[in-house]
Amino acid sequence: WFQHISKALIARGYVQNDDDQCMFIHKTNVTILLVYVDDLLMFGRSRAVIDELIDDLRRGFGLTREQVDQDAKTDVFSYLGIEMTVEVTSESERTPKKIELRQRALIEKILAAVGMKDCQKKQTPANEVPLGIDKQGRPFEEEWSYASVVGMLLYLVNTRPDIQMAVNSCARFSHSPKASHAEGIKRICRYLQKTKDRGLVFRPYQGDLQVDCYVDSDFCGLFGVEDPEDPVSSRSRTGFVIYLGHCPVHWASKLQPLATLSTAEAEYVALAEAMKTLLPVRRIALAVAKGLSLKLNNSRVISKVFEDNQSCIAM
């Protein structure tokens, strides 16, 4: 199917992006098209051009158009379960001053699955002490599926970087959870109960095309929590957030694949992982800017990487 739709788009003048194979850009018509299996999302400067493309594709595909929220006068109010709300400067100009992405329906589904629709609220998504393997802990005896709830939480992370670390910590034990890991899930749910109406907020940015990265690591964060004879207990955690303008667009929190011997080494490994992601994100940002014919002060992306370990910076 993907080969079929790709061939159809390329035949219509679209160019497939090298870094994101699901993004197609038509420089002449100034449109960008995203493909997620059989869900297509289109951006452009001209509604007529988008309508023409839809009509053209209809002739070769059984294409349907998602219902438009006429009251809110928005073209897209949800995509792949992500709700999009737009605040505009005025009804005449329709210039966005804030766009927020939420997944409230998924949060409600998670709370219902765990049986916590009316649970108490918490200020943070995790305890101060990290989750460990807990080999001798009480068995998991809940009626809900641990792996299923973790799967929903992993999708929720698409708009909630604030729960990334807590969800990753719980996801480590999907194959054999204990009662303590169920409590980790419940702690996330109590936090979601308090923050279910929150989401990612994007605001217009007038400066240069800037993609910045904030990166950090802990050092042997699981030491003293898990079995010291287990090499995993000496693994450190990498965390980073990448911003486009002042908006977070990519984030990660995961254990490093090796045991580092110092804070400097742990920070250096985290920095390397963050840079592997930052470089393609920079290229994608520039491709999108050029694809939409945005006026840039220069034809490059400006980036700053924020790292707080002096030994790592010296290296």
Side-chain angles (χ1 to χ4, degrees), residues 80-82 102-199 216-240 251-260 266 269-270 273:
L80 302 175
I82 298 175
R102 301 189 189 96
Q103 291 175 277
R104 289 184 293 190
L106 180 57
I107 292 176
E108 294 289 357
K109 185 177 180 181
I110 292 169
L111 294 175
V114 184
M116 299 182 67
K117 293 181 69 174
D118 301 313
C119 65
Q120 293 183 340
K121 302 174 182 179
K122 287 288 186 180
Q123 296 279 358
T124 56
N127 293 318
E128 292 182 9
V129 179
L131 276 177
I133 293 178
D134 198 11
K135 291 181 179 179
Q136 307 302 321
R138 292 186 296 110
F140 179 84
E141 296 178 339
E142 305 289 338
E143 295 182 358
W144 43 274
S145 167
Y146 188 92
S148 176
V149 172
V150 164
M152 289 188 283
L153 286 169
L154 287 171
Y155 191 68
L156 179 61
V157 166
N158 281 315
T159 60
R160 296 294 298 266
D162 50 333
I163 64 170
Q164 171 76 71
M165 179 185 172
V167 172
N168 177 266
S169 298
C170 292
R172 291 180 57 212
F173 310 106
S174 295
H175 60 292
S176 57
K178 297 287 187 177
S180 58
H181 306 135
E183 288 303 313
I185 295 285
K186 293 177 181 178
R187 176 59 180 258
I188 297 173
C189 287
R190 292 188 177 94
Y191 175 70
L192 292 176
Q193 181 73 273
K194 181 177 179 60
T195 60
K196 66 175 69 176
D197 293 325
R198 302 300 301 275
D216 203 357
S217 77
D218 67 0
F219 176 58
C220 297
L222 293 174
F223 198 78
V225 176
E226 297 193 349
D227 182 2
E229 299 296 323
D230 188 339
V232 174
S233 69
S234 59
R235 300 247 294 272
S236 302
R237 176 174 289 272
T238 290
F240 63 85
W251 45 88
S253 175
K254 54 188 175 182
L255 289 182
Q256 295 179 354
L258 72 166
T260 54
V269 169
E273 284 298 313

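All figures in this text were calculated on a predicted structure; none of them were measured in a lab.
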Donor-acceptor under 3.5 Å ([X] side chain, [Y] main chain):
X: Ser148; Y: Ser145; value: no
X: Ser236; Y: Cys220; value: yes
X: Asp230; Y: Val232; value: yes
X: Arg187; Y: Ala166; value: no
X: Trp251; Y: Asn158; value: no
X: Ser233; Y: Phe223; value: no
X: Gln193; Y: Lys117; value: yes

Parallel, tilted or perpendicular, as decided by the 30° and 60° cut-offs, for the rings of Tyr146 and Trp144: parallel

Phe173 and His181 aromatic ring geometry - parallel, tilted or perpendicular at 30°/60° bounds: parallel

Examine the side chains of [X] and [Y] and answer whether a donor and an acceptor come within less than 3.5 Å of each other.
X: Thr260; Y: Arg235; answer: no
X: Glu273; Y: Thr238; answer: no
X: Ser180; Y: Asp134; answer: yes

Answer yes when [X] and [Y] have at least one side-chain N-carboxylate O distance shorter than 4.0 Å, and no when they do not.
X: Glu108; Y: Lys196; value: yes
X: Arg138; Y: Glu183; value: no
X: Arg172; Y: Glu226; value: yes
X: Arg104; Y: Asp197; value: yes

Side chain to side chain, Gln256 and Ser217, heavy atoms closer than 4.5 Å: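 They are in side-chain contact.
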
Atom of Leu255, atom of Leu222 and distance for their closest heavy-atom approach: CD1-CD1, 3.9 Å

